[in-house]
Amino acid sequence: MKKLVLIGVLVIVAVGAFVMFRGSAPEYTSNTTPAPTESPAVSPGSASDTIKPSASPSSKVVTVTYSDNGYTPSSVTIPVGGTVTWKNESSQLMWTASNPHPVHNGYPEPGGCISSTFDACMGYGPGTSWSFTFDKIGTWGYHNHLRARNQGVVIVQ
């Protein structure tokens, strides 16, 4: 009986490790759109963080690179309906999610795996990417759930 329990536990651990560390996680695009923030120190979006459009953002699709040093650029501006793609060029997993850590509820659209749809819901390995489309005007902070000191901001106008 003990052997069966041990085998069951080992199978569960092996499957969990495979899911967490697989290097070819699929790209995920959500239909929701969080708003960007101006600096990583900005709190997640809220009614007080909503900004009025000042200048038209130039691109509906922006790429942010994640390296072992964090997100670059740390602040991006996009129009409503714009998409940000986070590309992992680090040596470790990247799990991009709405601030604040660890509850991820700063983007006001419930759902996803924890509290908001602005959440990759898993670690993406080196060479992979994750995308999110922002439908709400505002300034939205985000972080790497696995290394929460690495943060950035998306400003949606």
Side-chain angles (χ1 to χ4, degrees), residues 13 16-51 54-55 57-157:
V13 169
F18 172 77
V19 169
M20 285 193 65
F21 296 107
R22 64 185 173 170
S24 58
E27 187 170 313
Y28 173 79
T29 301
S30 173
N31 290 329
T32 58
T33 302
T37 54
E38 295 177 4
S39 74
V42 175
S43 299
S46 68
S48 64
D49 290 332
T50 300
I51 57 175
S54 56
S58 60
S59 180
K60 284 193 69 114
V61 179
V62 174
T63 299
V64 173
T65 302
Y66 182 75
S67 71
D68 290 330
N69 295 320
Y71 294 99
T72 304
S74 62
S75 177
V76 296
T77 301
I78 60 170
V80 171
T83 299
V84 177
T85 297
W86 288 270
K87 183 173 181 175
N88 187 356
E89 293 183 358
S90 76
S91 61
Q92 38 199 296
L93 295 174
M94 169 194 76
W95 176 342
T96 302
S98 173
N99 280 347
H101 178 75
V103 295
H104 308 171
N105 62 0
Y107 187 73
E109 187 165 324
C113 57
I114 297 180
S115 299
S116 172
T117 55
F118 180 21
D119 190 332
C121 295
M122 62 182 264
Y124 282 74
T128 63
S129 61
W130 178 73
S131 297
F132 187 81
T133 300
F134 290 82
D135 295 326
K136 298 185 182 338
I137 291 176
T139 298
W140 310 105
Y142 64 88
H143 64 281
N144 179 353
H145 180 69
L146 304 172
R147 296 187 79 186
R149 72 177 179 270
N150 293 334
Q151 298 188 21
V153 176
V154 177
I155 300 165
V156 180
Q157 299 181 338

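Numbers for residues simply follow the sequence, beginning at 1.
- Rounded to the nearest 0.5 angstrom, W86 CH2 and S131 OG are separated by 8.0 Å.
- The side-chain heavy atoms of T96 and Y71, taken from C-beta on, include a pair separated by under 4.5 Å.
- Considering every non-hydrogen atom in both P100 and G106, the closest pair reads CD-N, 4.0 Å.
- To the nearest 0.5 Å, atom OG1 of residue T128 and atom CE of residue M122 are 7.5 Å apart.
- Annotation for V103 and S115: closest pair O-OG, 2.9 Å, computed over non-hydrogen atoms.
- Between S74 and V64 there is no side-chain heavy-atom pair separated by less than 4.5 Å.
- Between S116 and H104 the shortest heavy-atom distance is CB-O, 3.0 Å.
- Pairing each heavy atom of C121 with each of G112, the nearest pair is SG-C, 4.0 Å.
- Taking the six-membered ring where tryptophan is involved, the planes of Y124 and W130 are tilted, since the angle between them lies from 30° to 60°.
- Only one option out of H143, H145, H101 pairs with W95 in a ring pair (Phe, Tyr, Trp, His ring centres under 6.0 Å); it is H145.
- When side chains are defined from C-beta on, N99 counts as touching Q151, because their heavy atoms get closer than 4.5 Å.
- Distance NZ/K87 to OG1/T63: 8.5 Å, rounded to 0.5 Å.
- Checked by atom type and distance alone, the side chain of S98 never pairs as donor or acceptor with a backbone atom of F118 at under 3.5 Å.
- In plain terms, the two heavy atoms of Q157 and I137 that are nearest each other are C-CG1, 4.1 Å.
- Closest approach of S67 and S90 over heavy atoms only: C-CB, 3.5 Å.
- R147 contributes atom CZ, which lies 6.5 Å from atom CG of D68 (distance to the nearest 0.5 angstrom).
- Here the CG-CE distance, from L146 to M94, works out to 10.0 Å after rounding to the nearest 0.5 Å.
- To the nearest 0.5 angstrom, N88 atom CG is 7.5 Å from L93 atom CG.
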